[in-house]
Amino acid sequence: YRLFATILYGFAFDKCTLRELETACKFDLRYITLMEQIKIDYTTISKFINKVIVPNEKEIFSKLCLQIKKGDSDVPNIKDAIALQTYYIL
């Protein structure tokens with residue numbers, strides 16, 4: 001679920017391309033922490049998006065929207081919210 005959380009975080013906040021995400025995973029501490037120091041390249045991100053996210057996009061989107069609407073107060077920050085939601089999806 002680390003890669004899903006990293007992709008979601010990157011697209012939600014400031015990374016628009018897969019190459020920007022790749023660079024962030026190498027040099028940005030936020031992304032390094034999300035990936036638990038696992039180095040990836042843009043092709044890995046692309047394959048994950050095409051094999052996991054695209055086939056399940058409606059389910060993922062609806063579950064994320066429900067989580068946001070629910071406003072789970074037990075989840076203290078966005079990283080934990082993404083990790084929690086990813087655990088239930090995958």
Student: Taking atom OH of Y42 as the centre, report whether more than 12 heavy atoms of other residues, nucleotides or ligands fall under 6.0 Å from it.
Tutor: no
Student: First locate atom CG of L34, then atom CZ of F4, and finally report the distance between them rounded to the nearest 0.5 Å.
Tutor: 12.0 Å
Student: Report the distance from atom CD1 of I7 to atom CZ of R2, rounding to the nearest 0.5 Å.
Tutor: 12.5 Å
Student: Taking all non-hydrogen atoms of both residues into account, name the closest pair between T33 and L29 and its distance.
Tutor: OG1-O, 2.7 Å
Student: I want to check something: taking the side chain as every heavy atom from C-beta on, are I40 and E22 in contact at a cut-off of under 4.5 Å?
Tutor: no
Student: When rounded to the nearest 0.5 angstrom, what is the spacing between CG in L8 and CD1 in I53?
Tutor: 8.0 Å
Student: When rounded to the nearest 0.5 angstrom, what is the spacing between CZ in R30 and OG1 in T6?
Tutor: 11.5 Å
Student: Are side-chain heavy atoms of Y31 and T23 found at a separation under 4.5 Å?
Tutor: no
Student: If two hydrophobic side chains count as joined below 4.5 Å and joins carry through other members, does I49 share a cluster with M35?
Tutor: yes
Student: Quick one: pull up CG in L21 and CD1 in I45 and give me the separation to the nearest 0.5 Å.
Tutor: 5.0 Å
Student: Quick check on the hydrophobic clustering: are L18 and I38 connected, directly or via other members, by side-chain heavy-atom contacts under 4.5 Å?
Tutor: yes
Student: Please report the closest heavy-atom contact between S62 and E59, naming both atoms and the distance.
Tutor: OG-O, 3.0 Å
Student: For a 4.5 angstrom cut-off between non-hydrogen side-chain atoms, does L3 reach V52?
Tutor: no
Student: How about NZ on K58, more than 12 heavy atoms from neighbouring residues, nucleotides or ligands closer than 6.0 Å, or not?
Tutor: no
